[in-house]
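The structure appears right after this line, and notes come after that.
Both backbone and side-chain heavy atoms feed into the values below; hydrogens, waters and symmetry mates do not.
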Amino acid sequence: MTAHGDTDPSKAPRAQGPAAPEPSPAMAAQLYAVLQRFSQAIVVFGPDDRVVFANDRYHEMFPRSPAPGVILGWRFEDLLRHSIAAGQVPQAEADPEAYIARRLSQRGIAREGLIGDRWYRAVEERIPGGGIVLSYSDITDRRAVEEELRRKSAILSAAMEAVPGGFMVMDERFNFVVWSRNWPAIGGATDEIIRAYPNMPDLARWQSRRGDYDAIRLDPAQFDAQAVAAVPWLGRLLALQAARPQQLTPSDEERELLVQWQLLRYRAEGRPDGERAEGSGTIHIGGEDGRIVEFRRNRMPGLGWVSIYNDVTERYRHEEETARAHAETARALQELRDTQESLVQAEKLASLGELVAGVAHELNTPVGISYTAATFLADRLREFRDDLANGPPRRTALMDFLDLVEETANLMTVNAGRASRLVQSFKNIAVDQTSDERRVLSLKPYLEEIAISLGPQWKRPGHVLTIDCPAGLVLDTYPGALSQVLTNLIVNATLHAYAPGQAGRLSITVSPLPSPAPAAGRAPVEHVEILFADDGKGIPADALPRIFDPFFTTRRGAGSTGLGLNIVFNLVTRTLGGRIEVDSAPGRGTRFFLRLPKVAPQPPAAAPPTAPVDLAPIGPASTAR
């Protein structure tokens, strides 16, 4: 085993006094017993550097050393060589002689080293009269504890640095104990400044001189007389602030009192305004254009305070920008909706205008015939009156005149009735299309009125429109919406489904649908299916998914707005509470399936306007507000 004491050659030997008297046999026995009881391993070398004593603990620690009794008389150098030969000093294997020379030159120096798989601390002390006492302490367990502490300390240090923002620990006396690398910068300081002002009061005074607290003004109304009396200097602070104009900076006295105001939150009862140190919040640093910091401060009883700071300036600015963008988007969306609503109304009026033009054209024939018949009858009546002036008419002439009157009256009645029905249908449909009122209607007659009103739209090109609807089918719905849907489908088919001059077949087929099983606690909802079909050229596959999109049209250059089918979709799904599907392919015509409830749902209540996002500043500039 190797002696691990290290001697410092520069250390002068201790001054030697008078020679000590030789110990008595009793004293020697007592000394021997004491050395045997030491928990350390003890080896005593005489003036000639040979072993004169080794306690039992030494042989327990180093069982490969010379045996008790045998070790007496061994030189220190002999013990070194023995330890190297026994494999107890791995560090000497490369150059044993150099290791021995170095160890002999280091006698008297305390050192720690690894012998085998254990760590030892060796202390060498020179004794009067020459000689050295070498003691060994097994520090393996201590080293393990220290290593574990170092490892944990490294982990804690890494964890502290990994905390987003800054991390700081302060003891009960407001001294900064430990802090992360980022913490000083968050408060606008540096590590050098923190070391120059190593406690909260000193740092607060530095911040106050920098002007961090200048914007803080206390509201006297929040303090009663008892609160002011409980803090002797609070009244002075309120008086200084009341006397200082807003544009002036605080005096040194006011700034010092503001520092005390910041520290007052650390009292057990907190500040008079109710703020306590323990908690979380948001503070501004460096004014409104500076950084915004979130903090959380927790107290560790008996130890101090732990504070975590996080710079959230970019997040707040991003949120403000997002809020502004959201508001701008909302305004743009509302403008777009208003524009779309205007276009929808224009589309409805355009559809109504076409209906008026078609009805006017359709009325022209029966009204013209009636006018011609009335004029003809007036002429015949005048001629008959002239004949009567020349004498009684013959029976045959009278009968001919009566037949003429009857035929003309019948012609006028038929055409006037036709015009009346056309006007009545137009009136009903026009009123419905400009009204959002809900009423109960008999579906088949209403579809026939729509067909009559739109007759000019499909008759003029030579199309045929058929209606197949069960009699007695009644809906409680919005007629205007239903009329607008069918009007747009019919007009859309006449414009898009056929080539110029081509006549086609249009059909409206109505079928009641079986009621599905109702949800628990709900009444069954009855539906009808309205199928509108044409045998035209169909819709291309690439356009089919987009036909209900607003402003999508394949005839934009021909005056189409692309809103017709979008209006249909919105009216069916929102106003009428149903669904609409389309089935089409080039050359196979187009079919629109409308599934509508017999009783339309009530319109949803208007939602209240969304309040704009308010991102007011959090507060004045401060590092400890």
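Judged by distance alone, the side chain of Asn55 and the main-chain N or O of Leu35 form a donor-acceptor pair under 3.5 Å. No donor-acceptor pair under 3.5 Å is formed between the side chain of Arg297 and the backbone N or O of Gly279. A donor-acceptor pair is defined here as one N or O able to donate and one able to accept, closer than 3.5 Å; no such pair exists between the side chain of His326 and the backbone of Glu321. In this structure a side-chain-to-backbone donor-acceptor pair under 3.5 Å is missing from Arg255 to Val259. For Glu275 (side chain) and Gly270 (main-chain N/O), no donor-acceptor pair under 3.5 Å exists by modelled atom type. In terms of modelled atom types and a separation under 3.5 Å, the side chain of Arg438 and the main chain of Ala600 share a donor-acceptor contact. When atom types are taken as modelled, the side chain of Ser280 and the backbone of Arg296 share no donor-acceptor pair closer than 3.5 angstrom.
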Taking it one step at a time, do Phe53 and Gln36 satisfy side chain to side chain contact (heavy atoms under 4.5 Å, CB included)?
CA-CA 10 Å; Phe53 173 80; Gln36 285 289 6; 4.1 Å; yes
Side chain to side chain contact (heavy atoms under 4.5 Å, CB included) assessment of Asp549 paired with Leu565
CA-CA 8 Å; Asp549 292 349; Leu565 290 181; over 6 Å; no
Given the rule in the side chain to side chain contact (heavy atoms under 4.5 Å, CB included) test, do Val51 and Phe76 qualify, once you have shown the distances and angles that lead to the verdict?
CA-CA 8 Å; Val51 177; Phe76 181 70; over 6 Å; no
Carefully, step by step, assess Tyr136 and Arg121 under the rule side chain to side chain contact (heavy atoms under 4.5 Å, CB included).
CA-CA 6 Å; Tyr136 292 89; Arg121 175 175 175 80; over 6 Å; no
For Glu254 and Arg236, run salt bridge (charged side-chain N to carboxylate O under 4.0 Å, His left out): C-alpha distance rounded to whole Å, both residues' side-chain angles, the deciding distance at 0.1 Å, then the answer.
CA-CA 9 Å; Glu254 182 181 345; Arg236 177 61 179 167; over 6 Å; no
Walk me through whether Arg217 and Gln246 qualify under side chain to side chain donor-acceptor pair (under 3.5 Å).
CA-CA 10 Å; Arg217 277 187 176 266; Gln246 188 72 34; 3.1 Å; yes
May I have the step-by-step check of salt bridge (charged side-chain N to carboxylate O under 4.0 Å, His left out) for Arg57 and Glu60, ending in yes or no?
CA-CA 5 Å; Arg57 179 62 178 152; Glu60 291 175 4; 3.3 Å; yes
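Using cut-offs of 30° and 60° on the angle between ring planes, the pair Phe569 and Phe548 is tilted. Using the six-membered ring where Trp is involved, Tyr120 and Phe62 have ring planes that are tilted, between 30° and 60° apart. Note: Phe176 and Trp179 have perpendicular aromatic rings, judged against thresholds of 30 and 60 degrees for the angle between ring planes.
Residues Trp119 and Asp141 are not in side-chain contact: their nearest non-hydrogen atoms beyond the backbone lie 4.5 Å or more apart. At a threshold of 4.5 Å between non-hydrogen side-chain atoms, the residues Glu125 and Ile132 do not count as touching. Under the 4.5 Å side-chain criterion, counting only non-hydrogen atoms from C-beta, Met168 is not in contact with Val178. Side-chain contact between Ile139 and Glu112 is present, with heavy atoms from C-beta onward closer than 4.5 Å. For the pair Leu303/Glu172, no side-chain contact is recorded, criterion being any heavy-atom separation below 4.5 Å from C-beta on. Looking at heavy atoms from C-beta onward, Ile71 lies in side-chain contact with His59 at the 4.5 angstrom threshold. Met170 places none of its side-chain heavy atoms less than 4.5 Å from the side chain of Asn175. Here the side chains of Phe295 and Ile186 are not in contact, with every heavy-atom distance at 4.5 Å or above.
Once rounded to the nearest 0.5 Å, the distance linking CG of Leu258 with CG of Asp212 reads 11.5 Å. The distance from the CG atom of Asp214 to the CD atom of Gln207 is 12.0 Å, given to the nearest 0.5 Å. The line from CD1 of Ile193 to OH of Tyr197 is 7.5 Å long, rounded to the nearest 0.5 Å. Rounding to the nearest 0.5 angstrom, the gap separating the CZ atom in Phe223 from the CG atom in Leu237 is 8.0 Å. Separation of atoms CG (Leu134) and CG (Leu79) is listed at 9.0 Å; rounding is to 0.5 Å. The CH2 atom of Trp233 sits 9.5 Å away from the CG atom of Leu238 when rounded to the nearest 0.5 Å.
In terms of heavy-atom proximity, Ser180 sits nearest to Gly166 at OG-CA, 3.5 Å. Looking at every heavy atom in both residues, Ala227 comes nearest to Leu234 through O-CD2, 4.1 Å. Here the closest non-hydrogen pair linking Pro601 and Leu576 is CD-O, 3.6 Å. Looking at every heavy atom in both residues, Tyr213 comes nearest to Ser208 through CD1-CB, 3.7 Å. Taking all atoms of both residues into account, the shortest heavy-atom contact from Ala41 to Met61 is CB-SD, 3.7 Å.
Under the salt bridge (Lys or Arg N to Asp or Glu O under 4.0 Å) criterion, Arg205 pairs with Asp202, Glu256, sequence neighbours left out. Remark: Arg209 pairs with no residue by the salt bridge (Lys or Arg N to Asp or Glu O under 4.0 Å) rule, at least two apart or across chains. Under the salt bridge (Lys or Arg N to Asp or Glu O under 4.0 Å) criterion, Glu278 pairs with no residue at all, not counting sequence neighbours.
No salt bridge links Glu192 with Arg195; every basic N to acidic carboxylate O contact stays at or beyond 4.0 Å. Salt-bridge check for Glu320 with Arg317: failed, with every basic side-chain N at 4.0 Å or more from each acidic carboxylate O. Between Arg595 and Glu581 there is no salt bridge, since none of the side-chain N atoms of the basic residue sits less than 4.0 Å from a carboxylate O of the acidic one. Salt bridge status for Arg271 with Asp273: present, with a side-chain N to carboxylate O gap under 4.0 Å. At a threshold of 4.0 Å, the pair Glu147-Arg142 does not count as salt-bridged, since none of the basic side-chain nitrogens sits closer than that to a carboxylate oxygen. Salt-bridge formation is not detected for the pair Glu335/Arg331: no Lys NZ or Arg NE/NH1/NH2 atom is positioned less than 4.0 Å from an Asp or Glu carboxylate oxygen. Using a cut-off of 4.0 Å between Lys/Arg side-chain N and Asp/Glu carboxylate O, Glu97 and Arg102 are scored as not salt-bridged.
Thr140 and Asp138 form a side-chain donor-acceptor contact under 3.5 Å, judged by distance and modelled atom types alone.
For Gln222, the CD atom is densely surrounded, since the number of other residues' heavy atoms within 6.0 Å is greater than 12. Annotation: Asp252, atom CG; neighbour count of heavy atoms from other residues, nucleotides and ligands within 6.0 Å does not exceed 12. Counting non-hydrogen atoms of neighbouring residues, nucleotides and ligands closer than 6.0 angstrom, the CZ atom of Arg150 exceeds 12 such neighbours.
Checked against the 6.0 Å centroid criterion, the rings of Tyr266 and Trp305 qualify as a close aromatic pair.
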